[in-house]
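First the proteins, then the strands, lettered A, B, ... as listed; each starts at 1.
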Amino acid sequence: MDGLEQKWSAAWERDGTYRFDREAPRERVFAIDTPPPTISGSLHVGHVFSFTHTDLIARYRRMRGIDVFYPMGWDDNGLPTERRVQNHFGVRCDPSIPYDPDFTPPYDPDFTALARPSAEPVAVSRPNFVALCLQLTDSDEKVFEELWRTLGLSVDWSMTYTTIGPLAQRISQRAFLGLLARGQAYQLEAPTLWDVDFQTAVAQAELEDRERPGAMHRVRFAPAGDGISRPEALIETTRPELIAACVALVAHPDDERQRELVGREVLTPLFGTRVPVLTHPLVDREKGTGLVMVCTFGDLTDVLWWRELGLPVRSVLGPDGRLVDVAWGSPGWESADVGRARSAYRELRGRTVNQARRSMVELLQQSGDLVGEPQPLTHAVKFFEKGERPVEIVTSRQWFIRTVEHSGALIARGRELNWHPPYMRARFEDWVNGLSGDWCISRQRFFGVPFPVWYPVDERGAIRYEQPIIAHDEQLPVDPSTDVPHEYEASQRGEPGGFVGDPDVMDTWATSSLTPQVAGQAGEDDDLFARVFPMDLRPQAHDIIRTWLFTTILRSHIEYDSLPWRNAAISGWVLDPDRKKMSKSRGNVVTPMHLLSEHGADAARYWAARGRPGTDTAFDAQQMKVGRRLAVKLLNASKFALSDLPPQGEALTHPLDRAMIARLAAVVADATHSFEHYDYTRALERTEEYFWWYCDYYLELVKGRRYDAAPQAAASVSRALALSLSAFQRLFAPFLPFVTEEVWSWWQEGSVHRARWPDAGELASHAHGPDGDLPGEELALAVAADVLREVRKAKSDARRPMRAALARVVVTDTAKRLRALRLVSDDVVRAGAIEQLELLDGEELSVQVEFAEDAE
RNA sequence: GGGCGCGUAGCUCAGCUGGUCAGAGCACCUCGCUUACACCGAGGGGGUCGCCCGUUCGAGUCGGGCCGCGCCCACCA
């Protein structure tokens, strides 16, 4: 077993075994939209798991005579790479710094961060930073490729793409410009989800909830004006630091308790800002006091109320997550007591959200506006999935792709798609139904695909965002921070009457949503694209249905009015043996290379293949040992069957051989049907189950005949062994590509992975000999196996070796089963070392044995 | 709060349209170095199929209701 990975992966590369035929017509192509792994993430045993699943399907289709389009992509774009580069090289990007062609990073890459762990990061220009990103991703990609080759993925390595490469950038930018021309992309100054540490906009799809401790504060709002008798308003909030940003209070329209307040105005505590009390049906009467403070902006509901109730913006939070300076008394910041507002706000200004919250609680306690003590609670807070602090909502200019208006159509697309397993569609529909806004695709980051636009700078130096200067197609890909639009000179950058480049880059999903176009080279090689698109299969894990799967469908729907692929095969996750999700922070990650070298690629693939589509699977080294045993068994069984083979006959003359082949035909039919429905696990189970049975019973039953019997009977065994071995080797080929290729090479021409998938009908025709009585013969095989088992049991009970000879064996069974047994009794006698076999009519099977009094 | 999935031997799981379905592998125990295989082979013990109703001649298998676990989503003030 050892060394097969190196031997055969080199051979496959040399022979182009998995090369895609670019001349293949569309109907003979099976195109796979491979997930480009995030190569800055750590290699994970989950990669082995899900990529094996895809490879199983690819190998099956290829053996069905289909040309499989199976490229590999690397997702090197985006924040994970930036973060890794920062840590790895000890740098941070500062776009205001000019490019330094002689720059060398403070850390020697070969020594990683260990060289100077505590050093301050060095600021570098954007081009230098991007160069470091490219340097690092290049080495990361080599590590991944090495793993994939060792694992035996049957990808065509001549078609590799990256999500940051020129091809992806060109396609991504061209697609963006297409959306812009059709009004499907737009920019807007609007409240945006914002990560204060990365200082970038993030998308709804990149959010996750985390449970965090907090506190509920009951706060009094005084009535505005002089009406002493008017009621005061009580609200409850977890975010008192945003009271300065309060623009309204809202109650449910039917809430009797608030009836007196609604329509009046109240004053914010400390700041004395007049805010109206309004109604909105979304308010939950049961929650808190039934009265909610609306701030610009505390959460997404605030945004909704702000929009629907036509409220003003009063923003206190800066992009760095600190409270900005506010000119109390100026328009929009009117106060009943400007001096008091100023002195209160002085305690908050420049503070982080958490600091400001603590200060605010003290201030409210001093002023008496806090009712009772803050009540500690644990609540879910939204985080950017890669972030450290809760997301905030700040107003900024961002690019969006229209999403919400396509919701209905996207649901319909989801129903058009074949989901494997089918219930995964529910997650997609949940997500589409829950969309709360269009997709924000701009990020205030550096390592990504830039927006291919510039903006004119008018004579007064103002940037005219509403009149973007569009890059010409032949310029793509462009980097507007260094490239110059056609109508301008480089010297005009940033000058009045000149231009500026759009400073942002696209969300990584804005490019990843185009993987079918990138892999198929849309707009670059239209002949290729027409042969592969729409693709056949999108394999991916269930956690990125809302991102990758959703956005890919959206882009394809808008651009081509079609699905990007016909099938989506959803993999589960790998859990650790305690059923916890594996993660670096838990320290429960198993590194895949170690796994492959310890157990072998076939064994690891076996374990992966036992994970059904969509099902989370616990990591289980024991299963890999089982897989290795299966591989070894196939090796040994093949060795037995193929060594010193008597001459093959043309036909299967022996009933036992025919029956075995008939069963095999049924297994082939089952495995084929399962694979057609993406149920590779079932295909493996059925094949494996029958293969062990075949080794334990059939091979034992025919062993004697193969060595000793008359030429014609032996010729039938030879023929049966050749047929069955060939079929087993091909059935196992998708799962155990290395060992099957090895055993195939012993006696066949070419690669097993280019061999034709076994045909159930053809096998069955071998089983129907001229005088074949199929039902009777299949029963014969079953009864023979039963008798053999009973004989073994008797020997085991008597603590005798299996080779111990039996002087006399009496088999009692029904007449029908005995009739069947007679057809094959010669093999049973040899396999059991039986000297005299007697058959006795009875009700059910029972076997009596007498041991021969031999030399023992 | 809504949705989805899962609860079958100590462990990991098969059981497709209801009637040899009570199974497999691992683990455990016993035996056996038999000319494919000791990286092995043969045999064995072990479960009221989460709980309660119902449909049916008959239910792990269908319907309803609970309980537990996991995941996804949510307008979490």
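Comparing B/C76, B/C73, B/A74 against the side chain of A/Q204 picks out B/A74 as the nearest. The side chain of A/D797 lies closest to B/G43 when the candidates are B/G43, B/C72, B/A36. In the set B/G32, B/G41, B/A36, the nucleotide with an atom closest to the side chain of A/L699 is B/A36. Proximity note for A/Q622 (side chain, C-beta onward) versus B/G44, B/C26, B/A77: the nearest is B/C26. Of the candidate nucleotides B/C31, B/A74, B/C72, B/C72 has the atom nearest to the side chain of A/W573. For A/K287, whose side chain is taken as the heavy atoms from C-beta onward, the closest listed nucleotide among B/A77, B/C75, B/C33 is B/A77. When distances run from any side-chain atom of A/P801 to the nucleotides B/G32, B/U34, B/A74, the shortest one goes to B/G32.
Within 4.0 Å of A/V294, counting heavy atoms only, lies no atom of the nucleic acid at all. As judged by a 4.0 angstrom heavy-atom cut-off over every strand, A/R239 is placed among residues making no nucleic acid contact. At a threshold of 4.0 angstrom between heavy atoms, the contacts of A/L304 with the nucleic acid are absent. Across all strands shown, A/T301 has heavy atoms under 4.0 Å from sugar-phosphate atoms exclusively, and none from any base. At the heavy-atom level, A/D299 lies nowhere under 4.0 Å from the strands shown. Across all strands shown, A/K382 has heavy atoms under 4.0 Å from base atoms, whether or not it also approaches the sugar-phosphate. If you check every strand for non-hydrogen atoms under 4.0 Å, A/W693 touches nothing.
A/D369 meets the salt bridge (charged side-chain N to carboxylate O under 4.0 Å, His left out) test with no other residue; sequence neighbours excluded. Residues forming a salt bridge (charged side-chain N to carboxylate O under 4.0 Å, His left out) with A/R389 (at least two apart in sequence, or on another chain): A/D197. Qualifying salt bridge (charged side-chain N to carboxylate O under 4.0 Å, His left out) partners for A/E700, counting only residues two or more places apart in sequence or in other chains: A/K703.
Of all nucleotides present, only B/C6 satisfies the Watson-Crick or G-U wobble test against B/G68, with each distance under 3.5 Å. Applying the Watson-Crick and G-U wobble criteria (two distances, each under 3.5 Å), B/U55 pairs with nothing in any strand. Remark: B/G25 base-pairs with B/C11. Criterion, Watson-Crick or G-U wobble with two distances under 3.5 Å.
Aromatic ring pairs are classed by plane angle as parallel below 30°, tilted from 30° to 60° and perpendicular above 60°; the pair A/F428 and A/W419 is tilted. Ring orientation note: the planes of A/W693 and A/Y690 are close to parallel, at an angle under 30° on the 30°/60° scale.
Atom CZ in A/R803 sits roughly 8 Å away from atom P in B/U35 (whole-Å rounding). As a whole-Å value, the separation of A/E700 CD from B/A42 P is 8 Å. The interatomic distance linking A/D696 (CG) with B/A24 (P) rounds to 13 Å, in whole Å. Straight-line distance from the CH2 atom of A/W431 to the C1' atom of B/A74: 11 Å, rounded to whole Å. For the pair A/R706 CZ and B/A36 C1', the computed distance is 9 Å after rounding to whole Å. Here the P atom of nucleotide B/A42 and the OH atom of A/Y697 are 7 Å apart, to the nearest Å.
Comparing the same atom, C1', in B/G7 and in B/A14 gives a spacing of 15 Å after rounding to whole Å.
In this structure, A/F735 has its ring center no closer than 6.0 Å to that of A/F691.
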With the criterion being N/O to N/O and under 3.5 Å, what pairs connect the protein with nucleotides 1-8 of chain B, and how long is each?
residue: B/G2; atom: N2; partner: A/D430; partner atom: OD2; Å: 3.3

Hey, what are the protein-to-nucleotides 14-19 of chain B N/O distances that come in under 3.5 Å?
residue: B/A14; atom: O2'; partner: A/E685; partner atom: OE1; Å: 3.3

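Using a 4.0 Å cutoff on non-hydrogen atoms, the parts of residues 623-634 of chain A near RNA chain B are A/V626, A/R628, A/R629, A/V632, A/K633, ordered by number.
Side-chain atoms of A/E206 come within 3.5 Å of backbone atoms of A/A203 as a donor-acceptor pair (strictly under, hydrogens ignored). Between the A/S50 side chain and the A/S571 main chain, no donor and acceptor come within less than 3.5 Å of each other.
Geometric assessment of A/R792 against the ring of A/Y697 yields a positive cation-pi assignment under the 6.0 Å and 45° thresholds.
Remark: of the listed residues A/F619, A/W607, A/Y606, A/W573, A/W607 is the sole one forming a ring-ring contact (aromatic ring centres under 6.0 Å, His included) with A/F49. The side chain to side chain contact (heavy atoms under 4.5 Å, CB included) with A/L311 is formed by just one residue from the set A/T296, A/V275, A/L278; it is A/L278. Screening A/V283, A/L249, A/T237, A/L282 against A/V292 for a side chain to side chain contact (heavy atoms under 4.5 Å, CB included) leaves a single residue, A/V283.
Side chains of A/L364 and A/P269 form a contact here, defined as non-hydrogen atoms less than 4.5 Å apart.
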